[in-house]
Asker: 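Quick one: the structure is below, questions incoming.
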Amino acid sequence: MRLLRIFNKKVKFSSIRYYSVVRQGFEYVNEDDVNYFKSVLGERNVITDEEELAIVNTDWLKTMKGSSGVLLQPSCPSEVSKVLSYCNSRRLAVVPQGGNTGLVGGSVPIFDEIVLSTKRLNKILSLDPVTGILSCESGCILEALDNKAAEYDLMMPLDLGAKGSCHIGGNVATNAGGIRLLRYGNLHGSILGLEAVLANGERLDMMTTNKKDNTGYDLKHLFVGSEGTLGIITKVAVQCAQRPNSFHVAFLGLESFENVLKTVQSAKQSLNEILSSCEFMDDESMECVTKNLGLRLPIQRHPFYMLLETSGSSSYHDEEKLNDFLEKSFNSGVILDGTLTGEPSKIKDMWALRERIAEGLLRDGYCYKYDVSVPLSKFYDLVTDMRERLGSSVVRCCGYGHLGDGNLHLNLTGEIFDPDVFALIEPYVYERVGDWKGSISAEHGLGYKKRNYIHLSKSQSAISLMQQLKSLLDPNGILNPYKVLPSFK
Ligand code: FAD
Ligand code: 2HG
Ligand code: ZN
C-alpha cells in the first residue's frame, strides 16, 4: 500500500518530529489482506479513501501524523476477533481507535499500522435501574451513555470535556479521570467487568457485573489504562452513580496560590460529601478562553481562579452549605471575589470556561501539553518555573487542572512546533516531576509521546514485568506498537 500524500506538508510524520523511531518488522498490507477484511466486515467497512484516512491518521491536537492506508470498522466483537486473529498470523500491526480524543499520541499510527475503529461497536446491552449497572459495547459515546443513564436518574461516574466524542472503550483504555474523579474515584473502581479481544483473536470474557468478586487475579484491571497495547476492549460493565438532582457551581477569584490551597482544604472540610469537583485555573488559562474563544468571565480578573461544584439530593441543604462556606472564606479574606449559581444555563457557562481551555489553547498554534500529578505544595511551582525558563520563546505558559486530585495540566503554546523550545521543555519538565515523586502522566496515559519517561514514575522491576506481560499477551507485538512501553531498556 502506498503512503498517503494528502497531509498538510507543514506537519512532519510523528516518527520524525518527536523522537526518531524505526519501523518494526511488520508486514505491509496487500490487496489479499484488504480482500480478506472486506469478506469479514463488508466492503463499506474497509476504508482506503485518502480523505477519510487523513482524519484517523491525525490526532486531536494535530501534532501526530501517521500513514495508515487502511481503516477497519467492525460491528461486533466476533468481527474484531476474526480481524485480529488474521492480523496476528500475518504480523500486521493494528492501532485501536475510539473517539480519537487522546492527548498523548496513542490513538493514531506512527507508521502504516492498520487503524481499527470501535465506532460501530455502539450497542447498549443492558441497564439495571436497581443496581445502576450499565453494560455496553466499547464504541458507545460517553455522552450518549450518560443521556441513557439519565432516563433512570443515574449518571456515568466519569465526565470530561471530550464527552461528546470519546468512547467508553477509549475512556477505559486510558483510565480517564476527568472532572468528577474527586467524588466517584477512578475507573478501576467503577468498571465491574469487561471483554477484551487479545492479539491472537481470543475473546477474553471478564464481563461480570458483581460489585464484589475476589476470585483470583482481577484481570480486567490489566486492561484499564493499557492504551490498546494488551487487547481491544469490546464490552464494558460500568457502575453508574445515582444522578444528583441539585447542582451548584461557585466560580472564585483568588490573589495567591497559598490561598488556593487554603480553599481546597476548607472546601473539602466544609462541603465534604456534596463536593463533586474542585478545579483550578490560572489567569493565563482564562485569558486564553476569553481571547481565543470569546467566552466571558463571570467575575473580575484575578491571578487564580477556582471552580467548585457541589451536587446532592437537596438543593436547599446544598445551597445553605455552600453559602456558609463562601461567607467564611470571604470574611477571612482567603477568597477575593466569587459568584454562585444553581441555574443550569449559568452552570454550563461556568463549566465552559474550564472545560474549553484545551480547545482555546489550540488556537495559539502548537500546544506542548503536560499532565502531571505533583504534591499540592508544589502544584504551581512547575508553572512559574517553566515561565521563567521559557520566557518569550512561548506564546503562553499556563496551569490549570483537577486540583482536588493533585493533577496539574501544564500547557505551553507557540505559533508552530519549535524543536529548540521542545528541547528546553523535555526532559526537564519530567525530571522535575520525577524529583518530587509525582506522576509524569496523571490521567492522559503515556501513548507515544511520554513512553520514554515511564522510568521517572515506575521502578525498573515494574517496567520489566509490564514488558513480560506485553510479550505474553501479544507475542508478535502487533497491538499499538511504539506506545506505552519505552523504546529503549
Ligand atoms: P482514543 O483517543 O481513540 O484512544 C485513546 C487510547 O486508547 C489509544 O491508545 C487507543 O489505542 C486506545 N483505545 C481506544 N479504544 C480502545 C479500545 N476499545 N480497546 C483498547 N484500546 C483502545 N482525559 C482525562 O483523563 N480527563 C479529562 O478530563 C480529559 N479531558 C479531555 C478534554 C478534551 C477536550 C480532550 C480532547 C481530551 C480529554 N481527555 C481527558 C483525553 C482522552 O484520554 C479522553 O478524551 C478519552 O479517554 C479518550 O477516549 P477516546 O475514545 O477518544 O480514545
Ligand atoms: C482537561 O482536564 C483535560 O481539560 C485536558 O484533561 C487537559 O488540555 C489539557 O491539558
Ligand atoms: Zn484533565
Side-chain angles (χ1 to χ4, degrees), residues 1-4 26-58 66-100 102 106-125 135-141 144 165-170 172-173 194-205 207 223 228-236 473-474 476-481:
M1 286 260 146
R2 72 211 148 91
L3 293 187
L4 293 172
F26 300 109
E27 289 299 327
Y28 291 88
V29 177
N30 63 31
E31 292 306 323
D32 288 345
D33 300 325
V34 170
N35 288 336
Y36 174 79
F37 297 139
K38 285 182 176 167
S39 76
V40 175
L41 307 177
E43 189 103 12
R44 286 168 44 195
N45 298 306
V46 180
I47 291 162
T48 52
D49 171 72
E50 291 200 345
E51 284 190 12
E52 285 187 64
L53 285 169
I55 297 168
V56 297
N57 269 301
T58 313
S67 55
S68 177
V70 193
L71 164 66
L72 303 179
Q73 299 183 152
S75 69
C76 60
S78 72
E79 287 183 359
V80 176
S81 165
K82 282 185 192 147
V83 163
L84 275 194
S85 159
Y86 179 87
C87 289
N88 191 45
S89 62
R90 276 271 298 131
R91 285 183 163 62
L92 294 169
V94 177
V95 177
Q97 189 176 91
N100 197 13
S107 55
V108 285
I110 303 303
F111 295 95
D112 56 337
E113 301 88 278
I114 292 168
V115 179
L116 189 150
S117 164
T118 54
K119 80 173 198 193
R120 293 177 69 232
L121 292 165
N122 59 3
K123 291 180 216 53
I124 296 179
L125 304 171
S135 301
C136 64
E137 291 180 338
S138 58
C140 291
I141 290 177
S165 37
C166 62
H167 295 183
I168 188 69
V172 175
L194 59 79
E195 179 191 85
V197 177
L198 300 181
N200 65 5
E202 188 185 335
R203 285 173 69 177
L204 186 60
D205 181 359
M207 261 308 266
F223 295 86
T229 59
L230 297 181
I232 298 193
I233 298 163
T234 44
K235 291 182 195 171
V236 295
L473 295 181
D474 179 16
N476 294 328
I478 62 159
L479 280 174
N480 222 0

Asker: Examine distances only and state if a side-chain atom of Asp112 and a backbone atom of Ser67 form a donor-acceptor pair shorter than 3.5 Å.
Answerer: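 No; zero donor-acceptor contacts below 3.5 Å.
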Asker: Restricting to ring pair (Phe, Tyr, Trp, His ring centres under 6.0 Å), what partner residues turn up for Tyr36, sequence neighbours left out?
Answerer: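 With sequence neighbours excluded, Tyr36 shows a ring pair (Phe, Tyr, Trp, His ring centres under 6.0 Å) to Tyr86, given in chain and number order.
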Asker: Please name all residues satisfying side-chain contact (heavy atoms from CB on, under 4.5 Å) with Asn476, sequence neighbours left out, ordered by chain then number.
Answerer: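 Expected list: Asn88, Arg91, Ile478.
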Asker: By side-chain contact (heavy atoms from CB on, under 4.5 Å), which residues pair with Pro481, not counting sequence neighbours?
Answerer: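 side-chain contact (heavy atoms from CB on, under 4.5 Å) check on Pro481 returns Gln24, Phe26, Ala93, Glu113.
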Asker: Evaluate the side-chain proximity of Asp33 to Leu92: yes if any heavy-atom separation is below 4.5 Å, no if none is.
Answerer: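 The answer is yes, as the side chains (C-beta and beyond) meet within the 4.5 Å cut-off.
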Asker: Run the side-chain contact (heavy atoms from CB on, under 4.5 Å) test on Arg120 and Asn45 for me, step by step, so that the C-alpha distance in whole Å, both residues' side-chain angles and the decisive distance to 0.1 Å come before the verdict.
Answerer: CA-CA 10 Å; Arg120 293 177 69 232; Asn45 298 306; 3.1 Å; yes
Asker: Of the non-hydrogen atoms in Asp474 and Ala199, which two are nearest, and what is the gap between them?
Answerer: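 Taking Asp474 first and Ala199 second, the nearest heavy atoms are OD1-CB, 3.3 Å.
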Asker: Return the set of residues passing side chain to side chain donor-acceptor pair (under 3.5 Å) with Ser75 (not counting sequence neighbours), or none when no residue passes.
Answerer: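 For Ser75 the side chain to side chain donor-acceptor pair (under 3.5 Å) partners, ignoring immediate neighbours, are Glu79.
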Asker: Checking Thr229 now: which residues fulfil side chain to side chain donor-acceptor pair (under 3.5 Å) with it, not counting sequence neighbours?
Answerer: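 Side chain to side chain donor-acceptor pair (under 3.5 Å) check on Thr229 returns nothing, list empty.
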Asker: Examine distances only and state if a side-chain atom of Asn480 and a backbone atom of Pro96 form a donor-acceptor pair shorter than 3.5 Å.
Answerer: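 Here the side-chain-to-backbone pair does not exist.
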Asker: Which atoms form the tightest heavy-atom contact between Pro74 and Val80, and what is the distance?
Answerer: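 Between these two residues, the closest heavy atoms are CG-CG2, 3.7 Å.
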Asker: Strictly distance-based, threshold 3.5 Å: is any side-chain N or O of Ser81 a donor or acceptor partner for the main-chain N or O of Gly201?
Answerer: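 The answer is yes, because a donor-acceptor pair under 3.5 Å joins these two groups.
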Asker: State the NZ-SG distance between Lys123 and Cys76, to the nearest 0.5 angstrom.
Answerer: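 If we round to the nearest 0.5 Å, Lys123:NZ and Cys76:SG are 6.5 Å apart.
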Asker: Less than 4.0 Å between a side-chain N and a carboxylate O, is that true for Glu137 and Lys235?
Answerer: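 Glu137 and Lys235: not salt-bridged.
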Asker: Evaluate the side-chain proximity of Asn57 to Pro109: yes if any heavy-atom separation is below 4.5 Å, no if none is.
Answerer: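 Side chain of Pro109 against side chain of Asn57, heavy atoms only: contact under 4.5 Å found.
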Asker: Do Ile232 and Leu84 have side-chain heavy atoms sitting under 4.5 Å apart?
Answerer: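 Touching, per the 4.5 Å side-chain cut-off.
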Asker: Check the pair Leu41 / Val83 against side-chain contact (heavy atoms from CB on, under 4.5 Å), numbers first and verdict last.
Answerer: CA-CA 9 Å; Leu41 307 177; Val83 163; 4.0 Å; yes
Asker: Does Ser135 have any side-chain contact (heavy atoms from CB on, under 4.5 Å) partners at least two apart in sequence or in another chain, and if so, which?
Answerer: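 Here the qualifying residues are Leu125, Ser126, Met207, Thr209, Ala237.
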Asker: Taking the side chain as every heavy atom from C-beta outward, state whether Ile168 and Cys136 have any pair of such atoms under 4.5 Å apart.
Answerer: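 Yes, at least one pair of side-chain atoms sits under 4.5 Å.
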Asker: Might you work through the side-chain contact (heavy atoms from CB on, under 4.5 Å) test for Ile141 and Ser165, ending with a clear yes or no?
Answerer: CA-CA 6 Å; Ile141 290 177; Ser165 37; 5.7 Å; no
Asker: Flag the pair Val108 / Asn100 as yes when at least one side-chain heavy-atom distance between them is below 4.5 Å, and no otherwise.
Answerer: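 The answer is yes, as the side chains (C-beta and beyond) meet within the 4.5 Å cut-off.
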Asker: Restricting to side-chain contact (heavy atoms from CB on, under 4.5 Å), what partner residues turn up for Ile47, sequence neighbours left out?
Answerer: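 So Ile47 forms a side-chain contact (heavy atoms from CB on, under 4.5 Å) with Asp49, Glu52, Leu71, Gln73.
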Asker: Quick one: side chain to side chain donor-acceptor pair (under 3.5 Å) partners of Ser138, sequence neighbours excluded?
Answerer: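 Applying side chain to side chain donor-acceptor pair (under 3.5 Å) to Ser138 gives none.
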Asker: For the pair Glu27 (side chain) and Arg90 (backbone), establish whether a donor and an acceptor sit closer than 3.5 Å, ignoring hydrogens and angles.
Answerer: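 Flag not set: sc Glu27 to bb Arg90 has no pair under 3.5 Å.
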Asker: Got Val172 and Leu194 here, is their nearest side-chain heavy-atom distance under 4.5 Å?
Answerer: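 Counting from C-beta outward, Val172 and Leu194 do come under 4.5 Å.
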Asker: Can you find a pair of side-chain heavy atoms, one from Leu473 and one from Leu479, that are under 4.5 Å apart?
Answerer: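 Counting from C-beta outward, Leu473 and Leu479 never come under 4.5 Å.
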Asker: Using a 4.5 Å cut-off on heavy atoms from C-beta on, say whether the side chain of Ile114 contacts that of Cys87.
Answerer: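 Side-chain contact under 4.5 Å: yes.
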Asker: Under the side chain to side chain donor-acceptor pair (under 3.5 Å) test, which residues partner Glu195, sequence neighbours left out?
Answerer: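 With neighbours one apart ignored, the set is Arg203, Thr234.
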